[in-house]
Each structure stands twice: as C-alpha cells, then as structure tokens.
Amino acid sequence: MLDQGSRRRLPTSPGIGYKPQHISNILEHPGPVEWLEIHAENYMGAGGRPIAQLRHLAERFPISVHGVGLSIGGEAPLDRDHLDRLKHLLNWLNPASFSEHLAWSTHGAEFLNDLLPLPYTNATLARVARHIDQVQECLGRQMLLENPSVYVELTGSALDEIDFLVELARRTGCGLLLDVNNVYVSSTNRRTDPQDYITRFPHDLVKEIHLGGHDEDRDDTDQPFLIDAHGSEVVDPVWQLYARTIELGGAKPTLIEWDNDVPDWPVLAAEAARAARILDRVKA
Amino acid sequence: MNQSEFRAALLDPERPLPAGITDPEGRPAPKRFNVYRNNVTASLTEALRKAFPVVHALVGAEFFADMARVHLRAHPPKSPLLMFYGEDMPAFLEGFDPVRHLGYLPDVARLELAIRHSYHAADACPMRRELFASISPDRLMSARVRFTPPTRLLRSRWPIRSIWAANVLGENPPKAAAAEDVLIVRPEFDPEPVLLPNGAGDFIAALMEGAQLSEALDRAPEMDLTAALTILVGRRVIAEIAAGDAT
C-alpha cells in the first residue's frame, strides 16, 4: 500500500496517457511529461506485469485514473462489482485524481465498450447526480466528470450541456474534466461555436484538461463531421482553443490522449512540449 | 429514445435507426448513428484480435474480422474488463459452421484464454526448492499440493501446444493430430505453455482437484515421475505442499 497520507495532486503541467510500450522512455527521458493517466479497467487484474509496472510508475509520477466502464449515465443502477473493483484499485494506488465520462456504456449484463450519448433532461440529471453521489461516497473522494464528444441530437434533450454539467457539479460536488478536443468535435458536429463554449465554461470547476486528435468525415448531408478517435496529433484549431482555455482558467493539468495507432515516444513528447509552452505563458 | 432501443440498433446493422436521433436540423441521421456502431464493432473486433492471436493467424485476418463481427453481436462483453473478453469464444467456435473442419480451433482458443488469465493472475510466491527435501517421504505421499495462481492446466485431444508454438515461436508445425496436455507456467510476468509428458496431465489434474500425492500417482500409473517432478519443481508452479500425517 502506498502512503495514504500524502495524496499527490496532478501538477499544472503536461501528462500523457500511459502505454506500456513507452515505459523505458518515461522512466529515462520523461521530458516535459510530469504525470501519467491510466484507464482504470486495464489495471483490474489480480497481478502480473500491468500491476507491477503501475506500482513502479506510481513511485515516480502522480497518476490520474480515468474510468471508461462505470456507465454513469446508464438507466440501470451502477454495477456494484465494478465499483468495488474501482475502489480496490484506488485504495492501493491512491492516485492524484479519478475521472469518468458523461455517458453510458453498459446495458443489462452487456458492456458495449463505447461512450454512448445521453439526452440532457431533468430526469437524466437526477439519475446521473444520484450515480455520482454513489461513486463519490463509495470511493471517499471527489471525481471529475468529462464533457462528451457529441455526434447526434437526441429528441427531448432540452438543457444546455454546460448548464447540465454545472448543475451536476452543484448537486454532487464533483469536479469537471474539460476535453478541449471534444468541445471542438461537438461544436463542429452540432454546428455551434466552440469559442463560445469555452468562454461560457465554468473554469473554476475544471481540474484537468484533455487534448487529443480526431478523424474528419462528412455527415448524412455531406457537411463536416468529426469523430473523436485519439489516433493522431492535436490539430491547430484545438491548440488555439486550448490556449484560450488556459488564458481564461489558468494553468491546469493537461493530458495528451493518444490511444490508437500509438506513435513512438518523441511524437508524444513533442505534443506534451507544445502544451508546456502554452502553460508556461500563464505561469510566467 | 431509450437505451434498450439504442443498444438493439447498435449491435444489429439491419435494424433501422432508433427514433429521436437526428442531426442539428432535426433530420434523421443514420450515418451519424453509425459512428457508434463502428466504434463498438471496431473496438471489440480489435479486442478479440489481441486476445486470440493464434486463432487470428490460423484463419487469416479477413476471415477473423468477419467471424469476430458475428461473435461480438451474439456475445457482447459481460464486463468492462476487456482483458478477459472472449470467454465464450471456444464454445462459439465449436458451433460455428465455417470452421467446423478445424476441430482443434476451440481448444487453441481455450489455450489463448488460459494464457491471458495466467498473465493477469495474482503474483506467485512459489515454494522454496530447499523445502521439498525437508518433507519426509511417507508424509509426502499423503500431502496435497497448492499451485501458484498463474498456473493453468489445459488438456486437449489436439496438439495445441505444437500449434501454438508453430504460430508464436516459429517452431515446426505438428505432423500428427496427437493429444497434448499443457501446463501454463509464469516464471515472472510472461506465461509459457509447457508440453507435459504422457500421464502428467492426469497426475496434475488430480493434484489440482485436491487429491493426495499417492492418489494422484495412482491415477497416472504410466507416468514418468521424474519428468513430471522436473516440471513441477523446476518451473516453480508449487505454492505450497501441505504435508499429511505420517502413516
């Protein structure tokens, strides 16, 4: 068990989504990378190499645990077994942060392995708030909730996404994880203004920022349509939105998220260095 | 839209778009909805490909992708722990007509599943070798053996270890369809399937069921005991020998 008394906070500097193929780079030449994020579900085995590596890394770096399987937006009650596994992981690892998504991914006994959309209604708000309360009570810590990538409009969705997130934070005390790429993807797909979203966002509630790449496509009417893919570099318009975010909200822990077609370490380190340069402007 | 309708359309491309899913102008948007369908199909296909590299090599990439699509629609994951996804694959392969002529395929999938479970199993604290000598022979015969958590026994009427080794280690493919018993050992972090000598499968299976050493030996009269012990002691798969009472 790691020291429970000194839970480290994520530094207001770049972090990286940890991939096992980069372990020696991270240990020998982390460069601008000062913290690591892991997907909770990949470290829920009983032992073996994944757990041993994580223990080792946690001695050197603050760790952020990012869940992809809790299905906080699910219509059904939360999976108790999964919550117990999560609690076990957070208990021994004692990470600096825990975050999850405003989405659902489990239906009945099935795990669908995607972040599926929710209508923003009062009923959804009450259900998600209840689930966040349950998670935070079980884990004994604040969680961060991430804004989604939006692909479709759901009939009946009446509340504004930012109002929805703010109200969730007010009711539950959760923090927010602002994924700037998701803002850009959603705004393109919903044909709204991403600058306006960033300007209106409650930056005092933001404890972490995500940056990632997306794929470009066309929708049913041949208009620009973006897909959150985490398989490429962060594009310039997203870097510009990020710079604006930091101007408005100050320096925040910032993750480079690259999960598919993972590149060699220097490519990731260069992305992290670019985030560091933007962060340094407000730190100076 | 409720989540049941959404889920049904997600896993069935023949189904029409659930009501209430549109683009920003309120028009039905099947192409947009297909992002979710594609994400689920692509990510679960990839999970199965990583989980069953030898099955993938045996049937080829294109066939595997088609088969994975059929599999994931019939057997979506039952847990967010995707590292264990595919537990229904061996039974699925047994009933999947296009691979009926590949009789060994289900057992190869079982071997790959067992290797994955071994990889994620709790770390082993094997018994120190010196301790074996400290148990008197008569007490040893009534002893029971506890194996380390990563240790797995696989028994097949097909040469599954040889098929695995041909595809993973580049060894020569098996010449005959001989039965093989395999013990998966994990010295540190990397599981290794070890081919067992004749009779050792019966012996180890009995031990794993909790039989005393003498009973396990009775079940494997033809076994070369030295060869079996060389594997059990040499590969450090024994966590504990609970010595019985002296007779």
Side-chain angles (χ1 to χ4, degrees), chain A residues 39-53 67-71 73-76 79 81-82 85-86 104-119 149 151-157 189-192 215 217-223 225 227-229 260, chain B residues 1-8 10-11 17-47 72 75-85 116-124 148-150 186 188-191:
Chain A
H39 285 176
E41 284 71 16
N42 292 342
Y43 297 89
M44 289 183 176
R49 180 177 284 118
I51 304 288
Q53 286 190 341
V68 296
L70 209 47
S71 199
E75 285 168 0
D79 178 347
D81 290 343
H82 197 60
R85 287 191 287 260
L86 188 59
W104 62 284
S105 53
T106 295
H107 182 69
E110 297 169 358
F111 175 66
L112 298 164
N113 198 35
D114 195 22
L115 301 168
L116 302 169
L118 290 170
S149 276
Y151 302 120
V152 297
E153 302 297 325
L154 300 174
T155 305
S157 186
N189 294 346
R190 307 186 77 177
R191 305 199 244 285
T192 55
D215 290 347
D217 202 349
R218 295 266 156 183
D219 75 355
D220 299 83
T221 53
D222 203 34
Q223 300 194 63
F225 182 66
I227 299 169
D228 184 32
N260 300 305
Chain B
M1 176 219 72
N2 65 40
Q3 292 180 357
S4 296
E5 290 164 4
F6 196 99
R7 178 265 166 227
L10 200 59
L11 288 180
L17 193 67
I21 291 180
T22 69
D23 71 4
E25 288 76 33
R27 296 170 294 209
K31 194 174 170 193
R32 285 170 171 252
F33 182 74
N34 279 344
V35 172
Y36 299 110
R37 278 181 172 147
N38 292 342
N39 282 349
V40 172
T41 305
S43 68
L44 294 181
T45 299
E46 178 63 10
L72 68 92
H75 304 279
K78 291 179 206 130
S79 144
L81 272 59
L82 277 195
M83 59 176 93
F84 298 130
Y85 180 44
R116 218 145 27 96
H117 278 274
S118 176
Y119 181 78
H120 291 288
D123 297 333
T148 60
R186 199 186 90 193
E188 193 182 16
F189 293 134
D190 295 305

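Each chain gets a letter, A, B and so on, in the order the sequences are listed, and its residues count up from 1. Owing to the predicted nature of the structure, the values given are computational and were not obtained by experimental measurement.
The backbone N or O of Ala76(A) lies less than 3.5 Å from no partner atom in the side chain of Gln3(B), so there is not a single donor-acceptor pair. Looking only at distances, no side-chain donor or acceptor of Glu75(A) sits under 3.5 Å from a matching main-chain atom of Asn2(B). Arg32(B) places a side-chain N or O within 3.5 Å of a backbone atom of Asn189(A) that can act as its donor or acceptor partner.
Proximity to chain B is absent for every atom of Ser157(A), based on heavy atoms less than 4.5 angstrom apart. Only the side chain of Leu118(A) comes within contact range of chain B, with heavy atoms under 4.5 Å apart. Looking at Ser118(B), there are no atoms closer than 4.5 Å to chain A (heavy atoms on both sides), in backbone or side chain. Only the side chain of Leu82(B) comes within contact range of chain A, with heavy atoms under 4.5 Å apart. If you measure heavy-atom distances from Ala29(B) to chain A, the contacts under 4.5 Å come from both the backbone and the side chain. For Phe225(A), the part lying near chain B is the side chain, with the backbone staying farther off; criterion is any non-hydrogen pair under 4.5 Å. Contacts of Pro30(B) with chain A are made by both backbone and side-chain atoms, with heavy-atom separations under 4.5 Å. Only the side chain of Leu11(B) comes within contact range of chain A, with at least one heavy atom under 4.5 Å from a heavy atom of that chain. Contact of Glu46(B) with chain A is not made at all, since no heavy-atom distance falls under 4.5 Å.
At least one side-chain heavy atom of Val152(A) sits under 4.5 Å from a side-chain heavy atom of Tyr36(B). Taking the side chain as every heavy atom from C-beta outward, Leu116(A) and Arg7(B) never approach each other to under 4.5 Å. Within the 4.5 Å cutoff, no side-chain heavy atoms of Asp220(A) are placed close to those of Arg27(B). Side chains of Arg85(A) and Pro80(B) form a contact here, defined as non-hydrogen atoms less than 4.5 Å apart. Residues Asp217(A) and Val35(B) are not in side-chain contact: their nearest non-hydrogen atoms beyond the backbone lie 4.5 Å or more apart.
Taking each heavy atom of Val40(B) and Asp114(A) in turn, the nearest pair found is CG2-CB, 3.8 Å.
Counting heavy-atom pairs under 4.5 Å between each of Ser71(A), Gly69(A), Ala229(A) and chain B puts Gly69(A) at the top. Of all the listed residues (Glu41(A), Met44(A), Glu110(A)), the one sharing the greatest number of non-hydrogen pairs under 4.5 Å with chain B is Glu110(A). Per-residue counts of heavy-atom pairs under 4.5 Å with chain B were compared for Gly45(A), Ala46(A), Gly156(A); the largest is that of Ala46(A).
The line from CG of Leu154(A) to CZ of Phe6(B) is 7.0 Å long, rounded to the nearest 0.5 Å. If you take CD on Glu153(A) and CD1 on Ile21(B), they are separated by 11.0 Å, rounding to the nearest 0.5 Å.
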